Protein chains: 2
Amino acid sequence: MDSTTDKGKVCVRILLVDDEAAILRFLKTVLDSEEFCVYKAENGRLAIAAAAAVRPDLILLDLGLPDMDGIEVIKRIREWSNVPIIVLSVREREEDKVTALDAGADDYLTKPFGVGELLARIRAALRHALQQAPAPVYKIDDLEVDLIRRRVTLAGVEIQLTPTEYDLLRLLVTNAGKVLTHRQILRQIWGAGYIEQPHVLRVNISNLRHKIEKDSSRPRYIVTEMGVGYRLKADFPENVGTKANG
Amino acid sequence: MDSTTDKGKVCVRILLVDDEAAILRFLKTVLDSEEFCVYKAENGRLAIAAAAAVRPDLILLDLGLPDMDGIEVIKRIREWSNVPIIVLSVREREEDKVTALDAGADDYLTKPFGVGELLARIRAALRHALQQAPAPVYKIDDLEVDLIRRRVTLAGVEIQLTPTEYDLLRLLVTNAGKVLTHRQILRQIWGAGYIEQPHVLRVNISNLRHKIEKDSSRPRYIVTEMGVGYRLKADFPENVGTKANG
DNA sequence: GAATGTATCAAGAAGATATCAAGATACGAC
DNA sequence: GTCGTATCTTGATATCTTCTTGATACATTC
């Protein structure tokens, strides 16, 4: 269920769109070895659906698709997304390149192309995307947690947290609204060996409260669920988690 | 600085870097007819100077320059600017393309190319540029870092930094506000082989602090993020990379 | 009011960071 | 080429933060 909580392990997702199985296989091998997460689509309809579902960081698109023209795919995706799209095509007429680029493609490679050049162009395209990365900020009343910048502010004032305290708060924040049992938290933060030692958790919750709660004896954010665990109050249950339904 | 919107007349500035007069003339004609404002440079030194002075919205760069290699020009400009750079070159070896793209070029066209394709790729590159507006000089409190002139001043007094110290500060400055992990910094400055040696980083941070901090034991600029890395304090509390526009 | 679970405080241990200084290396001047 | 300077690297040590643990006070439930 919580696939997103893998200790900050990030994987750049690439959506591969091509109808030739051989090319798909070949490219998947190449991209896998570069530690990309590869998703595949064999036609335009699936490509558009996958772009919406997977939310890839980059799309490699062949123009010759069985069900619809690649240009149309670009236009449809551009209606709602700025994900980098690199076109891979056998069409080498200048007119085709111009049409694809003006439809919203970011780059255009003519087959056959070198693997090295493809990877370099992927890196270049990803550079662009990184610069406009939106920072998901969790906000509950006066409390703001910026997971990318690793910063916590209370009414605009920055709060200094120790590494463990930050990990703990991050776990609570990414599960805002849900109750986390002692055992769940202990396993996630301290490891399976600490499941039977709730004391260390209580001490850290206490320290954390003293830093983010105005009156730590009457906590507004970190609520104790007697006999069960802890829960972070969620103000915007629908808005908070940027990951759509996990 | 002179903005792009002088008296309502919007002019996209393009810097043309090539040593062949014929090509310069030809491209200027093409670009003029598209209502671009064209600036020219005939060698690498002039190109870097013009990039700083003119602040073009896009650079078309030939790799074969008389005074220095085009790759070097890309790297030097990338130290302080994210302006889109499209390489135009006769070199069609894959290795050349990869080197240029990884040095920071946004696109690579092999001569001879079609004018239509060039214009389409210019339009695509300009689309990206709309979202990013980098700060050429970083300023916070008394500290000023001029990435163009490679100069650091503290309350107006120039500070002498070693090459490593400058690289380190530049990395922090271009990511002001964000936390950079030890590993990120080590990989960027010293290379992947040093990722497991945080000592060299600590020594250099210490030296840097002694030069730019008044009280190095209570740093105002370079903040330690315990257990994580370092962060340069940003004067904007909010997102730094979002379209500052002058 | 007793039993169970929870919160707080404080001190030693463990770990991470900062600093100093000496040897090694690279670079420019002569 | 040799010297002198600046820079980089490496090692040892000092300083500080954070973690862990134990004792004790508080709260809730029955």
Side-chain angles (χ1 to χ4, degrees), chain A residues 150 152 158-172 179-186 188-232, chain B residues 150 152 158-172 179-186 188-232:
Chain A
R150 206 193 156 91
V152 180
E158 184 165 359
I159 305 278
Q160 207 68 18
L161 296 183
T162 73
T164 315
E165 285 161 6
Y166 180 82
D167 286 346
L168 186 52
L169 182 58
R170 187 182 52 179
L171 184 61
L172 288 167
V179 180
L180 291 166
T181 67
H182 300 133
R183 301 168 69 86
Q184 277 180 303
I185 301 175
L186 286 162
Q188 283 273 342
I189 309 277
W190 283 273
Y194 281 76
I195 285 184
E196 304 299 336
Q197 287 176 275
H199 185 52
V200 58
L201 169 59
R202 295 207 180 97
V203 172
N204 274 278
I205 287 282
S206 174
N207 292 336
L208 193 51
R209 274 178 176 157
H210 276 86
K211 288 186 180 178
I212 67 173
E213 303 276 8
K214 282 188 177 110
D215 180 4
S216 74
S217 66
R218 202 163 310 181
R220 292 192 306 161
Y221 302 118
I222 303 178
V223 191
T224 301
E225 296 286 343
M226 282 284 178
V228 187
Y230 298 96
R231 174 172 58 88
L232 192 75
Chain B
R150 289 168 162 264
V152 180
E158 182 163 2
I159 304 276
Q160 207 63 23
L161 296 184
T162 73
T164 316
E165 286 162 4
Y166 180 81
D167 286 346
L168 186 52
L169 183 59
R170 174 159 54 82
L171 184 62
L172 289 167
V179 180
L180 292 168
T181 67
H182 301 131
R183 301 168 68 86
Q184 278 180 298
I185 302 175
L186 286 163
Q188 284 271 342
I189 310 278
W190 283 273
Y194 280 77
I195 284 184
E196 303 299 336
Q197 286 175 276
H199 187 54
V200 58
L201 169 59
R202 295 207 182 97
V203 172
N204 275 277
I205 287 282
S206 175
N207 293 337
L208 194 50
R209 274 178 176 156
H210 277 85
K211 288 186 180 177
I212 67 173
E213 303 275 7
K214 281 187 176 110
D215 179 4
S216 76
S217 66
R218 201 164 310 179
R220 291 192 307 161
Y221 303 118
I222 303 178
V223 198
T224 300
E225 296 285 341
M226 284 285 174
V228 187
Y230 297 95
R231 175 170 59 87
L232 193 73

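Naming: A, B, ... by sequence-line order, numbering from 1 per chain. Bear in mind that the values here come from a model prediction, so they are computed numbers and not experimental data.
- Looking at heavy atoms from C-beta onward, B:R202 lies out of side-chain contact with B:I205 at the 4.5 angstrom threshold.
- For B:T164, the listed nucleotide lying nearest its side chain is D:dT7; candidates were D:dT7, C:dT19, D:dT20.
- Look at NZ on A:K211: it is 11 Å from P on D:dT17, rounded to the nearest Å.
- In this structure, A:I185 atom CD1 and C:dT6 atom P are separated by 11 Å, rounded to whole Å.
- A sub-4.0 Å separation between OP1 or OP2 of C:dA16 and a side-chain N or O of B:Y230 is absent.
- Taking atom CG on B:L168 and atom P on D:dT7, their separation rounds to 15 Å, with Å as the unit.
- Considering only side-chain N and O atoms, B:W190 lies under 4.0 angstrom from the phosphate OP1 or OP2 of D:dT9.
- Residue A:T162 has its side chain nearest to D:dT18 when only D:dT18, C:dA18, C:dT19 are considered.
- Looking only at side-chain heavy atoms (C-beta outward), B:I212 and B:I222 come within less than 4.5 Å of each other.
- One finds no side-chain N or O of A:Q160 lying less than 4.0 angstrom from the OP1 or OP2 phosphate oxygen of D:dT17.
- Taking every side-chain heavy atom of A:T224 into account, C:dT6 is the closest of D:dT7, D:dT9, C:dT6.
- Contact annotation: B:R202 does not reach the phosphate of C:dT19 (side-chain N/O to OP1 or OP2, under 4.0 Å).
- Phosphate proximity of D:dT20 to A:Q197: absent, as no side-chain N or O sits under 4.0 Å from OP1 or OP2.
- Straight-line distance from the CZ atom of A:R218 to the C1' atom of D:dC26: 14 Å, rounded to whole Å.
- Rounded to an integer number of Å, the gap from CG of B:D167 to C1' of D:dC8 is 13 Å.
- Distance from the side chain of B:M226 is smallest to C:dT17 among C:dT6, C:dT17, C:dT19.
- When rounded to the nearest whole Å, the span between CZ of A:R209 and C1' of D:dC26 equals 13 Å.
- With A:Y166 as the aromatic partner, A:R150 meets the cation-pi criteria of under 6.0 angstrom to the ring centre and within 45 degrees of the ring axis.
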Applying salt bridge (charged side-chain N to carboxylate O under 4.0 Å, His left out), run through A:E196 and A:R183 and close with a yes or a no. CA-CA 8 Å; A:E196 304 299 336; A:R183 301 168 69 86; 3.4 Å; yes
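- Between the CD1 atom of B:I205 and the C1' atom of C:dC20 there is a distance of 17 Å, rounded to whole Å.
- Sequence order on DNA chain D of the closest nucleotides to B:E165 and A:E165 puts B:E165 first from the 5' end.
- Between B:V200 and B:L186, some side-chain heavy-atom pair lies under the 4.5 Å cut-off.
- Within the structure, a side-chain polar atom (N or O) of A:S206 is placed less than 4.0 Å from OP1 or OP2 of C:dT8.
- The nearest whole Å value for the distance from the CG atom in B:L208 to the C1' atom in D:dT7 is 15 Å.
- Among C:dA7, D:dC8, D:dT10, the nucleotide with an atom closest to any side-chain atom of B:P163 is D:dC8.
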Report the C-alpha distance between A:E158 and B:R231 in whole Å, list the side-chain angles of each, state the deciding distance to 0.1 Å, and finish with yes or no for salt bridge (charged side-chain N to carboxylate O under 4.0 Å, His left out). CA-CA 14 Å; A:E158 184 165 359; B:R231 175 170 59 87; 3.1 Å; yes
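- In this structure, the nucleotide among D:dT17, C:dT6, D:dG11 sitting nearest to the side chain of B:H199 is D:dG11.
- If you find the closest nucleotide of DNA chain C to B:E225 and to A:E225, the one lying nearer the 5' end belongs to A:E225.
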